[in-house]
Novice: 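Encoded as structure tokens, here's the structure I'll be asking about.
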There are 2 protein chains.
Amino acid sequence: MTILRSPRLADGSARGIPDATVARLPVYLRALNALTEQGVSSCSSIELAENAGVNPAKLRKDLSYLGSYGTRGVGYDVEYLRYQIAREIGQTQDWDVVIVGIGNLGSALSSYQGFSTRGIRVAALVDADPQRVGTEISGLTVSSMDDLDAIVADRAISIGVIATPGTAAQEVADRLVAAGITSILNFAPALVQVPDGVDVRKVDLSIELQILAYHEQRKAGIEPKVSGI
Amino acid sequence: MTILRSPRLADGSARGIPDATVARLPVYLRALNALTEQGVSSCSSIELAENAGVNPAKLRKDLSYLGSYGTRGVGYDVEYLRYQIAREIGQTQDWDVVIVGIGNLGSALSSYQGFSTRGIRVAALVDADPQRVGTEISGLTVSSMDDLDAIVADRAISIGVIATPGTAAQEVADRLVAAGITSILNFAPALVQVPDGVDVRKVDLSIELQILAYHEQRKAGIEPKVSGI
DNA sequence: CTCTGTGAACATATTCACAGCC
DNA sequence: GGCTGTGAATATGTTCACAGAG
């Protein structure tokens, strides 16, 4: 939740892309990859927007924050645009992440197929439970929490994933920050406090379903009222 | 992404709570539960906001959409507010969900501890792979896709979770909708199209990390420039 | 003529600041 | 006096609609 702000474009190189746009750039990248696989080498904002599931105007506005990478009257060169977005979001390099908490969810994340093609490399697994330390999960050996500092330093890891129970989340976040991690993806159902300069994003599996349940309830509750339609 | 809209409060009973507020209500519920466990029976908007990780004004505005459940000069009764929010988001009942795709992620979701206490009950597991059908995961037997219609109908399930590879996602979504599912949580890295009236929410594990990577890149790239501070 | 890039209009969300009740 | 509930102000995000490049 502690996300850096810089939405105004100042001088030359510092861009300042809106958060909402940043969150969609990976979606566009995926859509462009799909088009490449289909052998499409050029596309309009309408086609790309369809593949990404957004409104074409929104897509064009989003891309306009990066620069003018299209051709008026023609559209976008798929490969060129793909490279430009990849460069913008740092996908020209791989990012190493360390996962803390190798329970069911942590194990699933460790072997998640979708990461490698998106510039994410699971570089290390850490767990507090001595029973799990030494275990091998999809080619990686689970390390002890005591080795966290060394792992983060040695492999120059800046992104950590918390996949522990909620009760351990804050403690783990503190350890990650102390080890030098500056970005955290938190799957634990708990709020974690971090110092300024550290970004946290939260994925809460229950909350997503609770939101759907809310809408379900409304559907069920409202339909009887709208008997005319 | 196809979320029903009704932000305007019309006559009496139809409320119309903003999406952003709906997404935070489960967070408040969790914070209230935490306070109850600590033996706190009353709290101010400031205390609750701290526990939920939001601004107190935002919290008060969010709660104002539900009604006036606080007492001026005093604060909120934890138990009473907890009940009111629970009722609003449909947490006074349990919601059955069916998970499709029992790979690593699907298995992890099946045994996720956080659901049961949040009104979510994993009622059925389904997989297209005959090898997996019949397997038992945390007390549930994996069923065949052929049985999907019967399962959804018999257990009156309205929420489905897609945990398949991206390539299967649209096919699975179609099957879920055909079976009568009206809300889908999609973990597959793919866009799914659904008819009007069906809600889809998407959780994309890669994208969350890619967004963090973007911010990491900025931190790394910008610091050398801001040498004065 | 086609399709991008973008100012302007609109919609939603957040935060401020204070009136009103306890 | 203290804290909620909320109008008003601000910030952010989305969509429209069209000027302008090719």
Side-chain angles (χ1 to χ4, degrees), chain A residues 1-9 15-25 27-28 31-32 35 40-78 80-81 84-85 88 211, chain B residues 1-9 15-25 27-28 31-32 35 40-78 80-81 84-85 88 211:
Chain A
M1 307 295 176
T2 318
I3 302 292
L4 294 173
R5 305 242 123 227
S6 49
R8 226 155 313 288
L9 78 114
R15 230 69 51 99
I17 298 172
D19 286 351
T21 297
V22 170
R24 280 187 295 265
L25 291 177
V27 178
Y28 302 153
L32 288 166
L35 288 174
V40 179
S41 65
S42 173
C43 67
S44 67
S45 63
I46 297 162
E47 290 170 81
L48 183 53
E50 252 164 36
N51 274 272
V54 302
N55 173 305
K58 193 192 282 187
L59 169 77
R60 292 204 301 278
K61 179 137 282 215
D62 283 343
L63 295 182
S64 78
Y65 292 116
L66 314 192
S68 289
Y69 298 133
T71 310
R72 289 170 196 236
V74 179
Y76 301 93
D77 180 86
V78 171
Y80 179 61
L81 183 59
Q84 292 299 344
I85 295 178
E88 188 69 43
I211 294 169
Chain B
M1 307 294 176
T2 318
I3 302 290
L4 294 174
R5 307 241 119 227
S6 49
R8 225 154 312 288
L9 79 116
R15 232 69 51 97
I17 298 171
D19 286 350
T21 296
V22 170
R24 280 187 297 265
L25 291 178
V27 178
Y28 302 153
L32 287 167
L35 287 174
V40 178
S41 64
S42 172
C43 68
S44 68
S45 64
I46 297 162
E47 291 170 80
L48 184 53
E50 252 164 36
N51 274 271
V54 302
N55 174 306
K58 192 191 282 187
L59 169 78
R60 291 202 302 277
K61 179 137 280 209
D62 283 342
L63 295 183
S64 78
Y65 292 116
L66 313 193
S68 290
Y69 297 133
T71 310
R72 290 170 196 234
V74 179
Y76 302 92
D77 180 88
V78 171
Y80 180 62
L81 183 59
Q84 292 299 342
I85 295 177
E88 189 67 45
I211 293 169

Novice: Can you measure A/Leu81 atom CG to C/dG5 atom C1' for me and round it to whole angstrom units?
Specialist: 14 Å
Novice: Distance-only, no hydrogens or angles: does the A/Glu47 side chain make a donor-acceptor pair with backbone N or O of A/Ser44 under 3.5 Å?
Specialist: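 Checking the backbone N and O of A/Ser44 against the side chain of A/Glu47, a donor-acceptor pair under 3.5 Å is found.
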Novice: Nearest whole Å is fine: how far is C/dT4 C1' from A/Tyr65 OH?
Specialist: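 In whole Å, C/dT4 C1' and A/Tyr65 OH are 15 Å from each other.
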Novice: Answer yes or no: is there a side-chain heavy-atom contact under 4.5 Å between A/Leu81 and A/Leu32?
Specialist: yes
Novice: For a 4.5 angstrom cut-off between non-hydrogen side-chain atoms, does A/Leu63 reach A/Tyr69?
Specialist: no
Novice: Let me know the distance between CG of A/Leu66 and C1' of C/dT4, rounded to the nearest Å.
Specialist: 14 Å
Novice: Expressed as a whole number of angstroms, how long is the span from B/Glu47:CD to D/dT4:P?
Specialist: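 One finds 9 Å between P of D/dT4 and CD of B/Glu47, rounded.
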Novice: List the atom of B/Cys43, the atom of B/Leu35, and the distance in Å for their closest heavy-atom pair.
Specialist: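 Where B/Cys43 meets B/Leu35 most closely, the heavy atoms are SG-CD1, 3.9 Å.
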Novice: Taking five pairs at each end of the helix from C/dC1-D/dG22 to C/dC22-D/dG1, what angle separates the two helix axes (nearest 10°)?
Specialist: 0°
Novice: Within the 4.0 Å limit for protein heavy atoms, which parts of nucleotides 15-22 of chain C are touched? Write it as a string from 5' to 3', B for base, S for sugar-phosphate only, - for none.
Specialist: BBB-BBBS
Novice: Would you kindly give the CG-to-P distance between B/Asp62 and C/dA13, to the nearest whole Å?
Specialist: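 Taking CG of B/Asp62 and P of C/dA13, I get 10 Å after rounding.
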Novice: Rounded to the Å, how far apart are A/Asp19 CG and D/dT14 P?
Specialist: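 Spelled out: CG on A/Asp19 to P on D/dT14 is 11 Å.
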Novice: Measure across A/Ala49 and A/Leu59 and return the closest heavy-atom pair with its distance rounded to 0.1 Å.
Specialist: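 Minimum heavy-atom contact is N-CD2, 3.8 Å.
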Novice: Could you pull out all residues at least two apart from B/Arg24 that satisfy salt bridge (Lys or Arg N to Asp or Glu O under 4.0 Å)?
Specialist: B/Asp62
Novice: Do you know which two heavy atoms are closest between B/Tyr28 and B/Leu48, and how far apart they sit?
Specialist: O-CD1, 4.4 Å
Novice: With respect to the phosphate group of C/dG5, does any side-chain polar atom (N or O) of A/Tyr76 fall under 4.0 Å of OP1 or OP2?
Specialist: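 Answer is yes, contact under 4.0 Å.
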Novice: Provide, to the nearest angstrom, the distance between the CG atom belonging to A/Leu59 and the P atom belonging to D/dG13.
Specialist: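 After rounding, the reported distance stands at 17 Å.
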Novice: D/dC3, OP1 or OP2 - any side-chain N/O from B/Ser44 closer than 4.0 Å?
Specialist: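 No, because none of the side-chain N or O atoms of B/Ser44 sits under 4.0 Å from OP1 or OP2 of D/dC3.
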Novice: Starting at atom CD1 of A/Ile46, determine the distance to atom P of C/dT4, rounded to an integer number of angstrom.
Specialist: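 The distance from CD1 of A/Ile46 to P of C/dT4 comes to 7 Å, rounded to the nearest Å.
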